[in-house]
Amino acid sequence: MVITRHDEARAVLADPRYVPPPVRQDAPPYTLGWLRAQVSRFSSSETHAERRRALEKRLAELDPAALRRRAREATLERAGDWKGVPTEVLAAALGVAVPVPLVEAAATGYLSGEETLEADAAVAELIALRGDGPQTITDLTLLLQAHAATEGLIANALTHADRTGTERTHDDQPGTERTHDDQAGIEGLLCETLRHDPPLKASRRVDRATGEEIVIDLVAANRDPAVFADPERFDPSRGENPHLTFGHGVRPCPAAAHALALATGVLDALRAAPDRSASPHEGDK
Ligand code: HEM
């Protein structure tokens, strides 16, 4: 069943009867399948609650304002070459100096479950760097969850900013500090990008009583005319809105503030950087 209405999506996400599709528990140690069997994201009931508490505790040690500042600085230092910045900044804040390409390789199949040799090798290398243990699993979960979603949000926001001219002004000076209005502009752009063009397009659940599979179409739910006026229109002035892109109910994203802080820092710097698409060291990352 595919759910497209906002109220039905919220109801499913809030009902503990619906759980993420179970993942296999028999994968060899230090492979992607093994990692997926250890994490909060794909577990349910008390196991999920316990693993989620560990994530929340770890996230509470991170200051979103510091993440934002650091993401801004790092993007400026690289003259706008922002790819990899959110993951690098998050890894540094967690105190785990792991190479971004390894995170990217492991993250590729993390949500989809596509177990490739590359992803398995990346997970093995990340565990070798950090050591096996609950803290490593918690930190890797955060990095793998964060990577593609946060970069996707920034990329989609930049596409909309280019189209609508919402982000840049003509008198921008590199390195200038952001005014209150600028800040509100970036926040509006991000909120509306999350609603209109989410980096994650769907969430999956299984009815634990019947085994029925449910796909929540986030794009459709975020454009439900019963909830959003003129839903097809991209309108950054909507500000905060009840989009479902960070989830809802039993297991919403525990790091929405961190994701927004990283994205805001990058966009803030790109507003001032000479060329936001500059990517001189593409092959090195
Ligand atoms: C724009 C960026 C992001 C989006 C759109 C996003 C969205 C989501 C969503 C929808 C879920 C719930 C999945 C479900 O209900 O099945 C989720 C879970 C999660 N997210 Fe995010 N996320 C983002 C960034 C981040 C970042 C930066 C972090 C870490 C710092 C993070 C950490 C997590 C974790 C650990 C979970 C699993 C929670 C659990 O198992 O209960 N996310 N995210």
Side-chain angles (χ1 to χ4, degrees), residues 3 9-10 12-16 18-23 35-64 66-68 70-71 85-94 96 103 107 110-113 137-157 187 189-206 213-219 221-222 243-267:
I3 293 202
R10 278 170 59 96
V12 169
L13 291 169
D15 187 337
Y18 299 105
V19 295
V23 296
L35 180 65
R36 279 164 46 92
Q38 316 291 313
V39 300
S40 166
R41 176 67 179 76
F42 307 108
S43 53
S44 52
S45 307
E46 191 40 45
T47 307
H48 172 252
E50 195 183 309
R51 291 174 176 174
R52 191 173 164 102
R53 278 194 291 276
L55 289 172
E56 287 170 343
K57 189 161 167 266
R58 188 73 168 120
L59 283 165
E61 294 166 16
L62 307 182
D63 173 13
L67 292 178
R68 189 181 65 218
R70 195 52 209 122
V85 164
T87 303
E88 192 179 287
V89 168
L90 182 60
L94 290 166
V96 298
V103 174
Y110 180 75
L111 288 181
S112 69
I137 301 294
T138 299
D139 289 347
L140 290 186
T141 306
L142 291 172
L143 289 169
L144 297 192
Q145 284 276 163
H147 180 74
T150 309
E151 293 212 344
L153 170 61
I154 295 167
N156 294 353
E187 280 164 15
L189 173 67
L190 287 172
C191 284
E192 183 64 342
T193 302
L194 284 162
R195 182 192 75 83
H196 192 274
D197 198 8
L200 309 167
K201 309 284 180 216
S203 271
R204 282 164 211 287
R205 292 291 187 268
V206 173
E213 289 193 14
I214 294 175
V215 176
I216 298 165
D217 181 338
L218 292 172
V219 177
N222 283 348
H243 67 73
L244 296 176
T245 304
F246 282 127
H248 171 76
V250 179
R251 50 176 73 230
C253 180
H258 305 75
L260 283 170
L262 290 164
T264 304
V266 169
L267 291 180

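Counting convention: from 1, in listed order, for ligands and their atoms alike. Numbers for residues simply follow the sequence, beginning at 1. Being a predicted model, the structure only gives us computed values, none of them experimental.
In the candidate list Leu200, Thr141, Val19, Leu200 is nearest to atom 7 (C) of ligand 1, counting heavy atoms. The heavy atom nearest to atom 11 (C) of ligand 1, out of those in Ser44, Pro21, Cys253, is found in Cys253.
At a heavy-atom distance under 4.0 Å, no atom of Leu62 approaches ligand 1. Here Leu153 has side-chain heavy atoms under 4.0 Å from ligand 1, and that is the only part of it that gets that close. By the criterion of a heavy-atom distance under 4.0 Å, neither the backbone nor the side chain of Val39 is placed next to ligand 1. Contacts with ligand 1 closer than 4.0 Å are made by side-chain heavy atoms of Arg52 only, the backbone lying farther away. For Arg205, every heavy-atom contact with ligand 1 shorter than 4.0 Å involves the side chain, none the backbone.
Heavy atoms only, all atoms of each residue included: Leu262 and Ala71 are closest at O-CB, 3.6 Å.
Nearest protein heavy-atom contact of atom 35 (C) of ligand 1 is Leu55 CD1, 3.5 Å. For atom 6 (C) of ligand 1, the closest heavy atom belonging to the protein is Phe246 CD2, 3.7 Å. Protein heavy atom at the shortest distance from atom 24 (C) of ligand 1 is Ala259 CB, 3.6 Å. For atom 32 (C) of ligand 1, the closest non-hydrogen atom on the protein side is Gln145 CB, 3.5 Å.
Atom CG of Leu67 is separated from atom CG of Leu62 by 6.0 Å, given to the nearest 0.5 angstrom.
Side-chain contact between Leu143 and Thr87 is present, with heavy atoms from C-beta onward closer than 4.5 Å. Side chains of Leu94 and Glu61 form no contact here, defined as non-hydrogen atoms less than 4.5 Å apart. At a threshold of 4.5 Å between non-hydrogen side-chain atoms, the residues Leu111 and Arg41 count as touching. Two residues are said to be in side-chain contact when any heavy atoms from C-beta on lie closer than 4.5 Å; Ser43 and Val23 fail this criterion.
Below 4.0 Å from some heavy atom of Leu142 lie the following atoms of ligand 1, by number and element: 29 (C), 35 (C). Close contacts of ligand 1 with Gly247, meaning ligand atoms under 4.0 Å from a residue heavy atom, involve 10 (C). Heavy-atom contacts of Ser40 reach the following atoms of ligand 1: 39 (C), 40 (O), 41 (O) (cutoff under 4.0 Å). Short contacts between ligand 1 and Ala255, defined as distances under 4.0 Å to a heavy atom of the residue, involve ligand atoms 26 (C), 28 (C), 29 (C), 30 (C), 31 (C), 32 (C). The atoms of ligand 1 that sit less than 4.0 Å from any heavy atom of Ala149 are 1 (C), 2 (C), 3 (C), 4 (C), 23 (C). Proximity to Thr245 (heavy-atom distance under 4.0 Å) selects the following atoms of ligand 1: 5 (C), 7 (C), 10 (C). Within ligand 1, the atoms closer than 4.0 Å to a non-hydrogen atom of His48 are 39 (C), 40 (O), 41 (O), numbered from 1 in the order shown. For ligand 1, the atoms sitting less than 4.0 Å from at least one non-hydrogen atom of Ala146 are 25 (C), 26 (C), 27 (C), 28 (C), 29 (C), numbered in the order shown with element in parentheses.
Salt-bridge annotation for Glu187 and Arg68: absent, with no side-chain N of the basic residue lying under 4.0 Å from a carboxylate O of the acidic one. Remark: Arg53 does not engage Glu50 in a salt bridge, criterion side-chain N to carboxylate O under 4.0 Å. The residues Glu56 and Arg52 are annotated as salt-bridged, a charged nitrogen and a carboxylate oxygen being separated by less than 4.0 angstrom. The pair Lys201-Asp217 fails the salt-bridge criterion, with no side-chain N (NZ, NE, NH1 or NH2) lying under 4.0 Å from an Asp/Glu carboxylate O.
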side-chain contact (heavy atoms from CB on, under 4.5 Å), that's the test. Do Val206 and Tyr18 meet it? Break it down for me. CA-CA 5 Å; Val206 173; Tyr18 299 105; over 6 Å; no

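Using a non-hydrogen distance threshold of 4.0 Å, Pro254 registers as a contact of ligand 1.
With Pro198 as the fixed residue, the side-chain contact (heavy atoms from CB on, under 4.5 Å) test singles out one of Asn156, Leu244, Asn222, Leu153: Asn222.
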